[in-house]
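Below: the structure, in structure tokens.
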Amino acid sequence: MGSQQEIVERLTQWFRRSQRQLPWRLSSDPYPIWISEVMLQQTQVATVIPYFQRFLKAFPTLQKLAQASEESVLTQWAGLGYYSRGRNLRRGAQYLLDHHRGVFPKSREELLKVPGIGPYTAGAILSIAFNLKEPLVDGNVERVLSRLFGFKKPLGTTEAKHFFWDKAHQLVSHAKDPKCFNQGLMELGSTVCTKSNPRCPKCPLQKFCLAYSHDLTHELPVPKKRKTTQFVRLLKLILERNGKIWVRQNSSQEWWAGLWDLPSLQLSPHEEWLPILEKKLNPSSPVFLKELSHQKHTVTHHKLEVIPIHLRVRKNPDFDGKWLELKRFSAMPTSALVKKIMLELN
Ligand code: SF4
């Protein structure tokens, strides 16, 4: 038996024995599998579970998701981050309804035309829902493959991408049960071959692993060069008039795109906020009410220090937006950061 075939068989058997019971593993229906795979990108399993269950309750079928408003989808998504994922799910559902009568195509080429479905998600749908020999590569798979095959170049390069997709393709082509093999690869990465302290003595692939035999498990994978972190100070303004607050919807170019937000002003590192505020809000003669707790928040490679200020104003402020009752704002899709601020205000 060639070693690739043995790797595939061992991992498949290990997955059948050791897999975690997760709500999206209960059926082979591509719709919940698609939702879970999109939610799991950049988000931990434990965080995803309640979101997945609520989302499926709100939009139990692809048709329901396609017919839902963007706002109602974002409301379900609020707090999960990377909101374009939620918007793309809805657009993807509409595309599938329009072009495939709501049925998932069984070809990679066709799936890649669906908004928001990239090579990883296409591989996940084809292998997990349809048990087809289609590869998938995510961060967990990259880590396992780089250690298993001793790949010593940085992640994120074209060479690295080719290497991982080639290996994933070669391996899955040996699989009798691609559904279990691909999930096994991801499961091994998230539970055994973890980023720090991989549990090699428990690993079904230990005897094949080059990183293990060369004592390189802590050196591999070689991380990609990170963008340097930028620090940003931000004022978030809760501008109130007659029980209403001034709110705006973020454009597609901004952080938290599509979500409802409070107006913001960026400050330089040691800048006092009061003069800035007076200059900006002078015509509306603000009455300062309260400075709320400062919030630390991370968005992509930016670390934010957010200073929420509650003010009463008499005129429309010089920001785009509209007045909205406080109660209604709480029901709108907003970021976790805004939710935290509003919770303290209430
Ligand atoms: Fe990862 Fe260790 Fe298994 Fe190698 S032996 S694949 S490093 S857990």
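Atoms considered below: every heavy atom in the structure, side chains included; atoms not considered: hydrogens, waters and symmetry mates. First listed ligand is number 1; within each ligand, the first listed atom is number 1.
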A cation-pi test, strictly: NZ or CZ of K280 under 6.0 Å from the centre of the six-membered ring of F319 and no more than 45 degrees from its axis. Yes or no?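 Verdict for F319: a cation-pi partner in K280.
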For F163 and F151, take the angle between the two ring planes, folded into 0 to 90°, and tell me which bin it lands in: parallel under 30, tilted 30 to 60, perpendicular over 60.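 It falls in the parallel class, under 30°.
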In total, how many protein N/O/S atoms does one find closer than 2.8 Å to atom 3 (Fe) of ligand 1?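 Number of qualifying protein atoms: 1.
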Qualifying residue for side chain to side chain donor-acceptor pair (under 3.5 Å) with H310, from K290, E240, E291, K236: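 Only match with H310 under side chain to side chain donor-acceptor pair (under 3.5 Å): E240.
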Any chance you could pull the hydrophobic cluster mates of L26, using side-chain heavy atoms under 4.5 angstrom and chaining through other members?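 ILVMFWY cluster around L26 holds nothing else.
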Counting C-beta onward and ignoring hydrogens, is there a side-chain heavy-atom pair between W24 and I128 closer than 4.5 Å?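 They are not in contact (no side-chain heavy atoms under 4.5 Å apart), so the answer is no.
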Evaluate E70 against R91 for salt bridge (Lys or Arg N to Asp or Glu O under 4.0 Å), listing each step before the verdict. CA-CA 9 Å; E70 182 173 295; R91 287 175 52 222; over 6 Å; no
